[in-house]
Protein chains: 2
Amino acid sequence: MLRQTGNQSAAGPGSQRAPSSVPSIAPLFDSIELAGVTMSFDGNVEIFGEGEPADYIYKVLNGSVRTYRVLTDGRRQITAFHLPGDVFGLESAEDHSCSAEAISQAIVLVVKRSALLAAADREANVARQLWRVTARALRQSQDHSMLLVKSAQERVASFLLEMAGRLSGASAVELPMTRQDIADYLGLTIETVSRTLTQLQGAATIELPASRRIVLRNRSALNRLDS
Amino acid sequence: MLRQTGNQSAAGPGSQRAPSSVPSIAPLFDSIELAGVTMSFDGNVEIFGEGEPADYIYKVLNGSVRTYRVLTDGRRQITAFHLPGDVFGLESAEDHSCSAEAISQAIVLVVKRSALLAAADREANVARQLWRVTARALRQSQDHSMLLVKSAQERVASFLLEMAGRLSGASAVELPMTRQDIADYLGLTIETVSRTLTQLQGAATIELPASRRIVLRNRSALNRLDS
DNA sequence: CGTGCATTTGACGGGGCTCAATCGCCGTGG
DNA sequence: CCACGGCGATTGAGCCCCGTCAAATGCACG
């Protein structure tokens, strides 16, 4: 198993190379022999930084990744969580508009942007996939904007439903991220997130066997809050 | 001058056709003879609705357009304002993820989605432009998300700077939208928007000769608030 | 068992929302 | 020319949700 840790920022494929052929399943990365390189990042290690040249495009194979921006006063806003199968880092501009960090240990497929764009020029199918993935990210970003204007209860309920849908789809969720991550994603404080969760637990809407583990007891109540 | 008003929703090019050749300047729409159709919409008239099939892609030639979503409880969140030159309605999915309305009278270039996608399949250059425009919209959506976690003062300051940059770039701005539009864009109430503006006027940061007209007196103070 | 970090819980204050009244602008008609 | 009505915008009063500050609890690891 390959492992590349402590690799700070501006992560192009470094010394460790993947065992050549990676069975890429994603629509964007198959049909082309872009055979990227896989890299592994420890938790809280930067994958790329805001403002850095966007020379690579990434796909989560394992683990989870957060992309975020930092305001001048230090507040951090997480723009998206990326789970296995998700593509991130697609920028049309030269530079990344946000930073990316592994949440816990994550294995990521890395593809040279120039190679992908060249392939897109050659094969219309690749170009179409590239556009679809970007358009889907746009829709998700808009979904996220909708979150940010709701009440704390609505934001937390929406978040739980989103995560339950993306991780397993079952009613038991093993969250990969901390309360601080959740708070920065929802535009709340950790205290408000925590209080809202215990409040939902008190209403028998959810159950909290462990801080990272959440069981959805009453999905319709959550959907009602989702508004 | 062509004019097509009261055209409710699901707006495909209707009976009125443009005087054939439209000098399209936008990167996305030139280099192809997609010679779309221009349509005119009165203020507050729907151009397309959320959930409707996304059969067309649009570009503002004149006037301004808002795209928005409505939450189940009736709250409206404006996702973006589209000014002359802006492209909107690009969806990879079959259906529109939001609704679009003209703010005041607006003239819009309409291009069949299938034609644009076919052209993208034939010409790599078109495909690249399509991707670039979508990626830029993604970045703008993320910028918008950053707005929504700031304080009221910061949101209004950011909004004024954004609009000043997009309309003219000068320090005098003639806003096309109402206070309600601004509030729904910033995730605030009209009262808070209004109070914040008068507050900024009191601090000699801006001037309000008319409710729609705003003069930026102290740009650096606004930048400081923008945080 | 002790240390460190994440999470929870509590008390309190303030920023923005709600409800309501007033103002200002503009078009219409007497 | 002015009165009136309608609508958008402003202003005021009160309250509540959520942020802030602080302390306690739980949990993993040495």
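Computed from a predicted structure; not experimentally measured. Each chain gets a letter, A, B and so on, in the order its sequence line appears, and its residues count up from 1.
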Next item on the list: Just do the side chain to side chain contact (heavy atoms under 4.5 Å, CB included) check on Arg212(A) and Thr178(A) with the steps written out, would you?
Entry: CA-CA 8 Å; Arg212(A) 297 291 187 96; Thr178(A) 68; 3.3 Å; yes
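- Rounded to an integer number of Å, the gap from CZ of Arg179(A) to C1' of dC5(C) is 14 Å.
- Using the six-membered ring where Trp is involved, His96(A) and Phe48(A) have ring planes that are parallel, under 30° apart on the 30 and 60° scheme.
- Ion pairing of Arg166(A) with Glu162(A) is present here, as a side-chain N (NZ or NE/NH1/NH2) and a carboxylate O approach within less than 4.0 Å.
- Between Phe41(B) and Val65(B), every side-chain heavy-atom pair lies at or beyond the 4.5 Å cut-off.
- In this structure, Arg113(A) contributes its side chain and Gly89(A) its backbone to no donor-acceptor pair below 3.5 Å.
- By the 4.0 Å N-to-carboxylate-O rule, Arg219(B) lies too far from Asp226(B) to be salt-bridged with it.
- Nucleotide dC19(C) holds its P atom 13 Å from the CD1 atom of Ile190(B), rounded to whole Å.
- When rounded to the nearest whole Å, the span between CG of Leu208(B) and C1' of dG24(C) equals 14 Å.
- Out of dT8(C), dC17(C), dT11(D), the shortest distance to the side chain of Ser194(B) is found at dT11(D).
- Using a 30° and 60° split on the angle between ring planes, Tyr185(A) and His144(A) fall in the parallel class, below 30°.
- The stretch residues 211-218 of chain A touches DNA chain C through Ser211(A), Arg212(A), each having a heavy atom within less than 4.0 Å of the strand.
- When each of Asn218(B), Leu216(B), Ile206(B) is paired with Leu200(B), the side-chain contact (heavy atoms from CB on, under 4.5 Å) condition holds for Ile206(B) and for no other.
- Here dT11(D) presents its C1' atom at 13 Å from CD of Gln199(B), a figure rounded to the nearest Å.
- A distance-only check finds a donor-acceptor pair linking the side chain of Arg69(B) to the backbone of Ser97(B) [under 3.5 Å].
- Only at 4.0 angstrom or more do the heavy atoms of residues 141-162 of chain B sit from any atom of DNA chain D, so none qualifies.
- We find that CG of Asn44(A) is positioned 13 Å from P of dC5(C), with the value rounded to whole Å.
- The pair Arg136(A)-Asp143(A) does not count as a salt bridge, with every side-chain nitrogen at least 4.0 angstrom from each carboxylate oxygen.
- Contact annotation for Leu197(B): no contact, since no heavy-atom pair falls under 4.0 Å across all strands.
- Residues Thr189(A) and Val193(B) each lie close to DNA chain D; by heavy-atom proximity, the contact nearer the 5' end of the strand is made by Val193(B).
- No side-chain heavy atom of Gln153(A) sits under 4.5 Å from any side-chain heavy atom of Thr205(A).
- Not one side-chain nitrogen or oxygen of Thr192(B) sits closer than 4.0 Å to the OP1 or OP2 atom of dG16(C).
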Enumerate the protein-to-nucleotides 21-27 of chain D contacts in which both atoms are nitrogen or oxygen and the separation is below 3.5 Å.
{"residue": "dC21(D)", "atom": "N4", "partner": "Glu191(A)", "partner atom": "OE2", "Å": "3.0"}

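- Atom-to-atom, CD of Gln180(B) to P of dC17(C) comes out at 12 Å; the value is rounded to the nearest Å.
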